[in-house]
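Taking it in order: structure first as structure tokens, then the write-up.
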2 protein chains.
Amino acid sequence: MNKLPERIRIKDIARLADVSVGTVDRVLHGRTGVSEASRKRVEEILKQLDYQPNMYASALASNKKYLFVCLLPQHKEGDYWTDVELGMKRAVETFSDFHITLSVMYYDQYEYSSFINAGEEILKQEPDGVLLAPTIPEMTARFTDKLQEREIPYIFIDSNVSSLNPLAFFGQKSDQSGYFAARMAMMLGECPKEIVIFRQINEGRLGSNQQENREKGFRKYMQEHFPDCKIVELNLYAKRPDEDEALMNRFFQENPQITCGITFNSKVYIIGEYLIGHNLKNFKLIGYDLLRRNVSCLKEGAVDFLIAQQPTAQGYSGVESLCNHLIFKKEVKQCNYMPITLLAVENVDFYLDAHKK
Amino acid sequence: MNKLPERIRIKDIARLADVSVGTVDRVLHGRTGVSEASRKRVEEILKQLDYQPNMYASALASNKKYLFVCLLPQHKEGDYWTDVELGMKRAVETFSDFHITLSVMYYDQYEYSSFINAGEEILKQEPDGVLLAPTIPEMTARFTDKLQEREIPYIFIDSNVSSLNPLAFFGQKSDQSGYFAARMAMMLGECPKEIVIFRQINEGRLGSNQQENREKGFRKYMQEHFPDCKIVELNLYAKRPDEDEALMNRFFQENPQITCGITFNSKVYIIGEYLIGHNLKNFKLIGYDLLRRNVSCLKEGAVDFLIAQQPTAQGYSGVESLCNHLIFKKEVKQCNYMPITLLAVENVDFYLDAHKK
DNA sequence: CTGTTAGCGCCTTCAG
DNA sequence: CTGAAGGCGCTAACAG
């Protein structure tokens with residue numbers, strides 16, 4: 001009459017295998033110093049009883065420390081990356097009893113060398129896990145190769161380079177996101193004859209492959225459903241605001257017939273605020289991400305829809321994945337697409353970017 | 001040189017207050033048997049150092065058991081409530097190391113007495129916390145009064161009766177949800193002259209106040225923005241399918257000019273499948289909730305939009321709140337509106353009902 | 001190769 | 001009113 005408790009403990013399986021808890025612990029952690037016979041017997045019982053360790057007790061006893069470091073583009077407060085960072089910090093708080101620490105580093109998106117330097121710096125810290133946004137795919141490989149050598153797991157946030165084999169990726173499927181945006185834009189604009197894409201160019205380059213992929217998806221939808229709709233482009237240069245102003249002045253004067261536009265970066269407020277400033281109503285506008293200024297535009301009616309991608313949830317999940325992998329020994333899904341969420345003034349107040357609040 | 005560790009422990013504050021850990025533990029839990037002097041000294045240091053207990057160690061040591069019970073409407077597999085229940089079970093798994101158990105009970109939404117009986121049954125179990133969907137507001141008060149007497153916290157899921165003062169509520173703001181749905185419907189239908197509301201009547205009553213409130217919000221939007229659009233109603237009776245068929249036959253024959261419809265309950269598939277069966281294209285349709293059959297209709301183009309309310313997240317959060325309140329002693333927010341999410345065939349695959357997968 | 005033991009931070013008796 | 005001691009499930013060091 002060996003009554004087993006609801007939750008099986010090491011002690012229980014030790015008794016059943018007729019060994020000591022020490023031995024069970026050794027096989028659980030794949031350590032050496034166990035005879036083949038004992039190991040087999042223990043493993044047998046382990047899976048027969050579907051033993052689930054109490055990770056809290058484990059963490060308590062082991063007292064192991066974990067250092068995670070994340071590498072993000074430099075950004076200003078209120079920017080998109082702020083929320084990603086917030087999510088990571090939330091996760092660190094949540095798992096603080098497991099002794100994890102997060103060190104955050106930044107690089108200049110338009111300066112390759114700063115990415116390289118940051119990478120070196122990180123390796124010196126000998127982290128247990130790394131999170132990064134692979135906004136510069138060419139440079140990322142050189143860094144992740146070294147991480148792989150050292151067997152340090154790494155997580156991609158926001159955009160993916162699946163060939164680099166991260167432990168996990170969290171971000172939107174950007175082409176599909178643009179595809180969806182196209183449908184909404186055409187519905188919003190009541191099937192306009194022309195539509196404009198506002199682009200943002202920095203240092204002569206599109207800021208991210210995200211922007212590029214969304215546009216691709218957008219064009220795919222248009223091709224499939226509205227091949228006759230003319231797609232116009234207007235390039236803006238966020239670092240020279242007066243120049244942007246002039247470009248928009250010219251554009252809106254020369255194209256009064258265009259009444260619908262979209263932007264695939266997170267700065268739709270640049271256009272929204274321009275519309276407000278110039279009292280241009282009746283222009284339908286769609287953008288991405290819930291930056292404060294974007295939301296203001298939405299509430300004032302200058303922006304009609306915002307598409308959200310839950311940056312905070314991305315950051316949180318990234319850290320959580322590292323914990324699952326390193327601490328809880330749970331399997332983590334490699335490709336995690338975030339929801340593509342449409343926000344209008346009527347539902348934006350209930351938007352839930354998990355863990356942001 | 002008293003170096004304090006990063007994470008303050010009971011031992012540390014005991015030393016600083018010049019008492020034993022036992023005494024600190026006593027003041028932490030507000031137990032009797034501590035002199036006023038000691039209590040004050042300990043409390044002082046406690047908040048000065050912002051002591052945060054290690055809840056995992058605490059749970060490990062205390063070995064306390066918690067029983068939660070939830071009361072939901074009877075439902076079939078695949079129904080809306082299935083997902084709510086799933087979320088609760090996920091949460092129980094997540095917190096299983098804290099020794100929580102969940103007992104699920106059901107009542108017949110159309111039989112008051114079954115709600116009463118279930119309530120009695122629950123009280124007998126002496127649970128530590130209760131979760132329920134107050135779909136029958138009149139009956140709910142009688143039950144929650146008794147819970148309040150016994151100081152058993154309770155959570156409302158799906159719909160709210162804030163006057164009954166639950167520990168927390170998780171669900172959509174239903175009128176706003178209908179308001180948003182109206183905007184989307186009008187956009188989708190390209191400002192139709194007429195629109196139809198498909199209602200579902202059971203035993204002579206609308207299944208839920210949810211359905212009613214959404215319709216109210218819908219009508220509010222229409223009043224404000226399209227007062228000239230005619231709103232037609234068609235009542236269906238889910239329990240008699242052939243009758244429904246006849247009603248729809250008649251409706252679509254008599255109203256060929258109506259090309260846009262909406263339903264505020266979770267069974268839009270009834271109309272969607274009818275449209276498919278009768279090969280009626282070009283009818284624009286919006287509904288609620290991601291039941292499998294609804295999603296099929298969405299993918300086949302018979303339904304254009306579904307509005308989701310994250311039932312699994314609701315259930316999960318409900319159980320989580322009880323844990324936060326009872327075990328972690330964290331404050332829980334009372335009113336938690338769920339996001340109002342628009343799903344179309346282009347983005348439904350990425351819909352994230354937290355903890356469902 | 002294996003068992004024993006002393007903690008991890010906290011809670012709960014039990015003496016005093 | 002207070003302190004000391006044993007134990008929650010697990011880890012890791014130490015004997016043997």
Side-chain angles (χ1 to χ4, degrees), chain A residues 4-43 45-46 49-66 95-100 326-329, chain B residues 4-43 45-46 49-66 95-100 326-329:
Chain A
L4 284 178
E6 293 180 46
R7 185 82 185 235
I8 311 296
R9 302 155 311 192
I10 284 191
K11 196 196 289 183
D12 299 312
I13 68 134
R15 184 162 42 77
L16 290 172
D18 201 33
V19 293
S20 72
V21 292
T23 302
V24 176
D25 186 74
R26 278 182 269 265
V27 351
L28 276 175
H29 294 84
R31 277 193 281 266
T32 57
V34 185
S35 70
E36 205 44 49
S38 298
R39 160 156 280 127
K40 271 190 70 173
R41 201 141 29 88
V42 169
E43 273 170 348
I45 299 176
L46 234 31
L49 264 57
D50 187 32
Y51 168 75
Q52 302 289 71
N54 183 330
M55 295 319 293
Y56 303 115
S58 170
L60 192 59
S62 80
N63 234 330
K64 208 179 293 173
K65 313 260 187 267
Y66 296 90
F95 299 108
S96 66
D97 282 316
F98 296 99
H99 317 112
I100 72 179
L326 294 168
I327 308 178
F328 306 122
K329 314 293 179 199
Chain B
L4 284 177
E6 294 180 48
R7 186 80 184 237
I8 312 295
R9 300 154 312 186
I10 285 191
K11 194 197 290 184
D12 300 312
I13 67 133
R15 185 161 42 75
L16 291 172
D18 201 34
V19 293
S20 73
V21 293
T23 302
V24 176
D25 186 76
R26 278 182 267 266
V27 350
L28 277 174
H29 295 84
R31 277 192 282 266
T32 59
V34 185
S35 69
E36 205 44 49
S38 297
R39 159 157 281 125
K40 271 189 71 174
R41 199 141 31 86
V42 169
E43 274 170 347
I45 300 176
L46 233 32
L49 265 58
D50 186 33
Y51 169 75
Q52 301 290 71
N54 183 330
M55 296 318 296
Y56 302 115
S58 170
L60 191 59
S62 79
N63 235 329
K64 209 178 291 175
K65 313 260 186 269
Y66 297 89
F95 299 109
S96 66
D97 282 316
F98 297 98
H99 316 113
I100 71 179
L326 294 167
I327 307 179
F328 307 122
K329 314 293 178 198

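Naming convention: chains lettered A, B, ... in sequence-line order (proteins, then strands); numbering from 1 in each chain.
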Quiz item: So among A:Thr23, A:Val21, A:Leu16, which one has a side-chain contact (heavy atoms from CB on, under 4.5 Å) with A:Val19?
Solution: A:Thr23

Quiz item: Of the candidate nucleotides D:dA12, C:dG9, C:dT2, which contains the atom at the shortest distance from the side chain of A:Asp25?
Solution: D:dA12

Quiz prompt | Rounded distance (Å) that lies between atom P of C:dC1 and atom CZ of A:Arg31 | solution = 15 Å

Quiz item: Hey, is NZ on A:Lys65 packed in by over 12 heavy atoms from elsewhere, all under 6.0 Å?
Solution: yes

Quiz item: Whole Å only: how far is the NZ atom of A:Lys65 from the P atom of C:dC8?
Solution: 11 Å

Self-check item: Closest-nucleotide 5' rank along DNA chain D - winner of A:Lys11 and A:Gly22
Solution: A:Lys11

Exercise. Rounded to the nearest angstrom, tell me the gap between atom NE2 in B:His99 and atom C1' in C:dC11.
Key: 13 Å

Quiz item: Can you tell me how far C1' of D:dG9 sits from CZ of A:Phe328, to the nearest Å?
Solution: 15 Å

Practice problem: Can you figure out which of D:dT2, C:dC10, C:dC11 approaches the side chain of B:Asn54 most closely? | Solution: C:dC10

Quiz prompt | A:Gln52 to A:Arg7 - nearest heavy-atom pair and separation | solution = O-NH2, 3.3 Å

Exercise. Measure across B:Arg26 and B:Thr32 and return the closest heavy-atom pair with its distance rounded to 0.1 Å.
Key: CD-O, 3.9 Å

Exercise. Identify the two heavy atoms, one from B:Arg31 and one from B:Arg39, that lie closest to each other, and give their separation to 0.1 Å.
Key: O-NH2, 3.1 Å

Quiz item: Within less than 4.0 Å of OP1 or OP2 of C:dC10, is there a side-chain N or O belonging to B:Tyr51?
Solution: yes

Quiz item: What is the distance, rounded to the nearest whole Å, between atom CD1 of B:Ile327 and atom P of D:dC8?
Solution: 20 Å

Quiz item: Given C:dT12, C:dC10, D:dG9, which nucleotide is nearest the side-chain atoms of A:Leu60?
Solution: D:dG9

Quiz item: How many Å lie between NE2 on A:His29 and C1' on D:dA12, as a whole number?
Solution: 10 Å

Quiz item: Between C:dC8, D:dC8, D:dG9, which nucleotide gets closest to the side-chain atoms of B:Ala61?
Solution: D:dC8

Quiz item: Among D:dC14, D:dG3, D:dC10, which is the nearest nucleotide to the side chain of A:Ala57?
Solution: D:dC10

Practice problem: Whole angstrom is fine here: how far is it from CZ in B:Phe98 over to C1' in D:dG9? | Solution: 13 Å

Quiz item: Given that B:Asn63 and B:Arg26 both sit by DNA chain D, which one's nearest nucleotide is further toward the 5' end?
Solution: B:Arg26

Quiz item: Parallel under 30°, tilted from 30 to 60°, perpendicular over 60°: which one fits the rings of A:Phe98 and A:Phe328?
Solution: perpendicular

Self-check item: Closest nucleotide among C:dC10, D:dT11, D:dG9 to the A:Ser58 side chain
Solution: D:dT11

Self-check item: Interatomic distance where CZ belongs to A:Arg9 and P belongs to D:dG9 [whole Å]
Solution: 5 Å

Quiz item: With a non-hydrogen cut-off below 4.0 angstrom, is B:Val21 in contact with a base, only sugar-phosphate, or nothing?
Solution: nothing

Quiz item: Quick one: is C:dT2 close enough that its OP1 or OP2 comes under 4.0 Å of any side-chain N or O from A:Ser35?
Solution: yes

Quiz item: In terms of side-chain heavy atoms of B:Pro53, which of C:dC10, D:dC1, D:dG3 is nearest?
Solution: C:dC10

Quiz item: At under 4.0 Å between heavy atoms, what does B:Thr32 touch on the DNA or RNA strands: base, sugar-phosphate, or nothing?
Solution: nothing

Quiz item: Taking the side chain of B:Ser38 as heavy atoms from C-beta outward, which of D:dC10, C:dC11, D:dT2 is closest to it?
Solution: D:dT2

Quiz item: Closer than 4.0 Å, any side-chain N/O of A:Thr23 to the OP1 or OP2 of C:dG3?
Solution: yes

